[in-house]
Amino acid sequence: MSLSLSAAQPAEPADAVDGVWLECIACGDTFAPFEEICYTCDSCDGLLEVRYADLPTFDDFSGTGVWRYAAALPLESGVSIQEGATPLYEVPRLEADVGVEALRIKHEGMNPTGSFKDRGMTVGVAVAKELGADRLACASTGNTSAALAAYGSRGGMETLVLLPAGKVAAGKIAQASLHGARILEVEGNFDTCLDIVQDLAEGGEAYLLNSLNPFRLEGQKTIGLEILEAFLADYGEVPDRIVLPVGNAGNTSALYKAFRELVQAGELEVDDVPKLTGVQAEGAAPMVEAIENGADEVRRWDEVETRATAIRIGNPVNAPKALPGIRETGGTAVAVSDEEITAAQRDLAEEGIGVEPASAASVAGLRELRAEGVVSDDERVACLTTGHLLKDPDAAAAAGVDPEPVPGETAGVLDHLEQ
Ligand SMILES: *Cc1c(COP(=O)(O)O)cnc(C)c1O
Ligand SMILES: [Zn+2]
């Protein structure tokens, strides 16, 4: 199986360009990159992965941000707004409270548009340019549209975003709007938006930049590479576990790919690979269902609901890449309630870290698994927080304390403070 952790480095096919090619994870067919546009396999409709004839070692990385890892990416440079190199915060109080050996928070909300989607877009938009695309499109629960609008605009391309009407947080629509995307508010949920935008892309209307696009996931691999390098520097070992929120499971797939490539390059032992641990909201948990049932395929949930709008997804398109990632690394998946998500948002805020609801799912999930004894007290864990607090100001205000009205003079304010 090509997605196994012990798979050998694949042989370079004739259609590779400069040692880079696309390969179907289902049937193994290969395709030339940067020539014809293809998102899925022509033969069997399976998901594609970018493959390399030469895999880098840690010594090949230099500089900072996503493009530090150019040796692990399909291009040498991209359409960049200085994405990546996000903080990996220590959280001593939360660490003690959860009860693990070490807990670090990788805050992806500190990217240029406030989510990890920027890491995928810096690569994906550069590939679109290479392919000569002039219009870019995505379906989005919000953050992909903000990133696409900013990177597309910086790359001098038109952008089109399809959003589920009434289900996108205010900050995200504001970003897509100011960066000049054409915003279509679709009657339906995210999965409906993705169905439509895939039809548009297949009809040649636009270049698709959802995480179905294998190039985007290459950029997102760098989250894993940054975490591993930081843990090696601070602890001399990679983390035991990485916990992350799961929507379309693009990050889960991307991190797993980063680890597989390090194993193939001889930089990481199979036994040391961090356990990939996915967290979903109870109202949108098809991946958790598949992991719990030992299923090979994910059942599409037509009705999904959660306050964590960024992961309000019923049909995770990258499931065929992510399920092996969770299983082969010895990880798991867990669902948490909206109340647990809000509580975790407050826990992080107490440490000075402001995140949107979906992001806090990772910490809520870690707590849950620690309580169940699935995570043990001697583990070193990295939790991914995917988006910034200001993305969803309404959720932050609802989770936080209320402002108190006071009169416009000092004596009145003092009176009020004494109450
Ligand atoms: C996109 C997004 C997710 C989901 O990530 P996947 O890679 O699709 O699983 C989670 N949190 C936030 C804030 C996001 O923007
Ligand atoms: Zn195929």
Side-chain angles (χ1 to χ4, degrees), residues 2 22-31 38-49 106-111 113-121 138-148 168-169 171-172 175 190-191 194 209-214 216-217 219-221 223-224 243-257 276 278-281 284-288 298 306-323 325-326 333 341 345 354-362 365 383-392 395:
S2 68
L22 292 168
E23 193 164 311
C24 172
I25 67 162
C27 77
D29 266 13
T30 60
F31 304 91
C38 52
Y39 309 105
T40 53
C41 176
D42 264 355
S43 320
C44 79
D45 214 29
L47 296 176
L48 301 178
E49 264 193 351
K106 181 69 170 166
H107 191 12
E108 287 296 299
M110 300 299 278
N111 275 295
T113 78
S115 85
F116 71 83
K117 300 297 194 308
D118 297 347
R119 293 183 188 260
M121 286 304 170
C138 70
S140 176
T141 58
N143 284 329
T144 303
S145 70
L148 180 72
V168 177
K172 307 175 186 181
Q175 287 178 293
F190 168 83
D191 304 294
L194 186 59
L209 274 167
N210 278 97
S211 58
L212 189 66
N213 184 312
R216 242 192 65 186
L217 298 189
Q220 291 172 211
K221 285 192 309 196
I223 302 173
V243 186
L244 73 170
V246 174
N248 270 312
N251 268 339
T252 316
S253 309
L255 264 60
Y256 182 46
K257 185 165 192 284
L276 280 173
V279 187
Q280 293 193 300
M287 283 281 292
V288 175
V298 168
T306 167
R307 193 178 293 161
T309 50
I311 52 172
R312 190 175 169 277
I313 290 170
N315 187 30
V317 291
N318 288 299
K321 292 176 174 176
L323 286 174
I326 290 173
I341 287 174
Q345 214 184 352
V355 306
E356 68 166 288
S359 301
S362 57
C383 277
L384 208 64
T385 57
T386 39
H388 198 277
L389 173 153
L390 292 174
K391 290 285 196 171
D392 193 344

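Ligands are counted one by one from 1 in listed order, and the atoms in each one are counted from 1 as well.
For E356, no nitrogen or oxygen atom sits less than 3.5 Å from a nitrogen or oxygen atom of ligand 1, counting backbone and side chain alike. Of the polar atoms of S115, none of the N or O atoms is found under 3.5 Å from an N or O of ligand 1, judged by distance alone. For the pair A358 and ligand 1, the shortest N or O to N or O distance does not fall below 3.5 Å. Considering both main-chain and side-chain atoms, G250 comes within under 3.5 Å of ligand 1 through a nitrogen or oxygen pair. For a threshold of 3.5 Å applied to N or O pairs, the pair formed by Q220 and ligand 1 contains no separation below that value. For N248, a nitrogen or oxygen atom sits less than 3.5 Å from a nitrogen or oxygen atom of ligand 1, counting backbone and side chain alike. Distances between N or O atoms of T252 and those of ligand 1 include no value under 3.5 Å. Residue-to-ligand polar distances place G247 within reach of ligand 1: an N/O pair is separated by less than 3.5 Å.
A heavy-atom distance below 4.5 Å is found between the side chains of R216 and M121. Considering only heavy atoms from C-beta on, S359 comes within 4.5 Å of T386 through its side chain.
Donor-acceptor pairing under 3.5 Å is recorded for the side chains of Q175 and K391. Remark: the N251 side chain and the E108 side chain contain no N/O donor-acceptor pair separated by less than 3.5 Å.
Counting only distance, with no hydrogens or angles, the side chain of N248 and the backbone of N318 share no donor-acceptor pair below 3.5 Å. Between the side chain of S362 and the main chain of L384, a donor-acceptor pair closer than 3.5 Å is present.
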